[in-house]
Amino acid sequence: MKAKIIRIDREQIDKEALREAGEILKRGGLVAFPTETVYGLGGNAMDPEAAKKIYAAKGRPSDNPLIVHIADMESLKVLTPEVPEKAAKLAAACWPGPLTMIFKKTDAVPYETTGGLDSVAVRMPSHPIALELIRAAGGFVAAPSANTSGRPSPTCAEHVKEDLSERIDMIVDGGSVGIGLESTIVDFTEEVPTILRPGYLNRERLSEILGEVRIDPGIMSEDSKVRPKAPGMRYRHYAPKAQLIVVEGSTDRVVDKINELASKLQKEGGMAGIICTDETIGRYGSFIKKSIGRRTDEEGIARHLYGILRDFDKEEVQVIYSEAFDTPQMGQAIMNRLLKAAGHMCIEV
Ligand code: AMP
Ligand code: MG
């Protein structure tokens with residue numbers, strides 16, 4: 001089987017083509033589609049067999065639950081018996097958008113979709129193609145990121161094709177995504193709303209709406225003895241083929257340190273890769289350098305991160321040195337993904 005690829009213009013959505021995609025989902029098939037965060041691999045969330053197919057296509061451990069995507073608030077009532085007041089407030093402010101909320105689940109949601117948990121993760125995405133597809137599929141689409149488990153999440157249809165083309169029915173190509181990092185996950189099954197995965201919406205923004213917001217202690221640091229509550233945050237998210245090492249500190253020191261380490265590696269016969277910015281790319285020696293964009297453009301940094309990691313898998317490098325990107329709004333989410341990709345190898349200078 002090779003996935004059928006259909007190209008959809010988000011400004012002028014071909015509803016007929018998406019109806020065909022919706023039919024595939026209704027029949028229990030798999031369709032990858034764009035959202036504003038990353039590409040998702042969709043299956044019917046209410047069909048246990050479809051959920052099993054998603055795990056198989058991704059090679060994902062079946063105890064790592066899927067996010068159910070909906071297109072309207074009415075659908076939420078089917079998934080959870082009670083929406084806490086604060087969650088309703090957050091939904092009013094941030095849905096549709098890059099926010100996933102965890103609720104107690106109803107019997108209607110199969111355990112195959114929730115990885116055996118009594119809770120369910122729900123998101124209403126804002127991407128017009130995603131919304132139209134969810135409606136065409138009957139309202140409930142389980143969709144993890146559309147990558148092979150262990151690879152970076154896909155930010156364009158080409159990435160999905162690389163990973164899943166042989167294993168799914170259709171890829172809806174809607175161009176590149178806007179944000180490039182997965183949604184913020186907030187758990188409402190706890191007394192105090194708790195961030196299980198950082199994303200575009202950061203703690204400050206959530207606190208403005210909700211008041212007190214906690215961060216799951218399990219995601220704070222690698223040597224934390226506490227297990228992350230979101231099962232997916234326990235797995236190594238992505239290790240590029242090369243060893244990735246993050247170097248953190250003032251710009252001058254970081255540039256010096258990376259030049260020093262990369263030169264040493266190349267003297268020993270290795271090949272070094274560097275993830276840097278437009279501002280610093282000219283300050284590195286003759287290594288394989290890729291700029292993630294301007295340091296002041298944090299949205300660009302988030303959008304380019306996974307693509308750069310994928311690009312380096314096509315290069316013959318043994319070690320990739322990356323600058324750190326502790327940007328003001330999304331720094332926590334960007335560094336969370338980068339450090340996971342590095343297996344938490346970080347040098348402070
Ligand atoms: P992805 O589908 O790749 O964006 O990953 C979904 C993330 O949501 C994973 O980290 C899951 O472990 C997490 N998740 C989904 N459902 C739940 C749930 N009911 N409780 C806690 N975490 C969840
Ligand atoms: Mg994922």
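Starting from 1, each residue takes its place in the sequence as its number.
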Can you see whether Arg197 engages Ser183 through a side-chain donor-acceptor pair at a distance of less than 3.5 angstrom? yes
Report the distance from atom OH of Tyr200 to atom CE of Met330, rounding to the nearest 0.5 Å. 6.0 Å
Distance from Arg135 atom CZ to Ile70 atom CD1, nearest 0.5 Å? 11.5 Å
So OG1 of Thr148 and CZ of Arg60: to nearest 0.5 Å the spacing works out to 12.5 Å
Heavy-atom closest contact (Met124 atom, Met73 atom, distance): CE-N, 3.7 Å
Distance (rounded to the nearest 0.5 Å) between Ile13 CD1 and Leu131 CG: 8.5 Å
Can you name the closest pair of heavy atoms from Arg10 and Pro128 and give their distance? NH2-CD, 3.4 Å
Inspect the contact between Arg27 and Asp47 and indicate whether a charged nitrogen and a carboxylate oxygen are less than 4.0 angstrom apart. no
Can Asp163 and Arg310 be said to form a salt bridge (Lys or Arg N to Asp or Glu O under 4.0 Å), step by step? CA-CA 11 Å; Asp163 284 13; Arg310 275 179 183 263; 2.9 Å; yes
Over all atoms of both residues, closest heavy-atom pair of Tyr284 and Cys276: CE1-CB, 3.5 Å
Could you verify whether a donor N or O on one side chain and an acceptor N or O on the other, from Tyr321 and Glu260, lie under 3.5 Å apart? no
Say whether Val255 and Val349 are linked into one hydrophobic cluster, either directly or through other cluster members, by side-chain heavy-atom distances under 4.5 angstrom. yes
Give a yes-or-no answer on whether the side chains of Lys229 and Thr189 include a donor-acceptor pair shorter than 3.5 Å. yes
Which heavy atom of Ala45 sits nearest a heavy atom of Ala142, and at what distance? CB-N, 3.5 Å
For Asp173, check salt bridge (Lys or Arg N to Asp or Glu O under 4.0 Å) against everything at least two apart and list the hits. Arg7
To the closest 0.5 Å, what do you measure between NZ (Lys257) and CD1 (Ile245)? 10.5 Å
Does the side chain of Ser145 come under 3.5 Å of the side chain of Asn147 through a donor N or O and an acceptor N or O? yes
Derivation and outcome, salt bridge (Lys or Arg N to Asp or Glu O under 4.0 Å), residues Glu49 and Lys53: CA-CA 6 Å; Glu49 294 310 314; Lys53 278 196 205 166; over 6 Å; no
To check you understand the geometry: which heavy-atom pair defines the closest contact between Val213 and Arg203, and what is its length? O-NH2, 3.0 Å
Taking the six-membered ring of Phe312 as reference, does the NZ or CZ atom of Lys290 fall below 6.0 Å from its centre and within a 45° cone about the axis? yes
Salt bridge or not between Arg151 and Asp313? Use side-chain N to carboxylate O under 4.0 Å. yes
To check you understand the geometry: which heavy-atom pair defines the closest contact between Gln332 and Ile215, and what is its length? NE2-CD1, 3.5 Å
Joint hydrophobic cluster, Ile347 plus Ile274, side-chain heavy atoms closer than 4.5 Å: yes
From Ser149 OG over to Asn64 CG, what is the distance, rounded to the nearest 0.5 angstrom? 7.0 Å
Side-chain donor-acceptor pair present, Asp278, Ser291, cut-off under 3.5 Å: yes
Show me the donor-acceptor pairs within less than 3.5 Å that the side chains of residues 30-41 make with the rest of the protein, sequence neighbours left out.
residue : atom : partner : partner atom : Å
Thr35   : OG1  : Thr37   : N            : 3.1
Thr35   : OG1  : Thr37   : OG1          : 3.0
Thr35   : OG1  : Val38   : N            : 3.4
Thr35   : OG1  : Val38   : O            : 2.8
Thr35   : OG1  : Arg123  : NH2          : 3.0
Glu36   : OE1  : Ser126  : N            : 3.0
Glu36   : OE1  : His127  : N            : 3.2
Glu36   : OE2  : Arg123  : NH1          : 2.8
Glu36   : OE2  : Ser126  : N            : 3.0
Glu36   : OE2  : Ser126  : OG           : 3.3
Thr37   : OG1  : Arg123  : NH2          : 3.0
Tyr39   : OH   : Gly174  : N            : 3.0
Tyr39   : OH   : Gly175  : N            : 3.3
Tyr39   : OH   : Gly175  : O            : 2.6

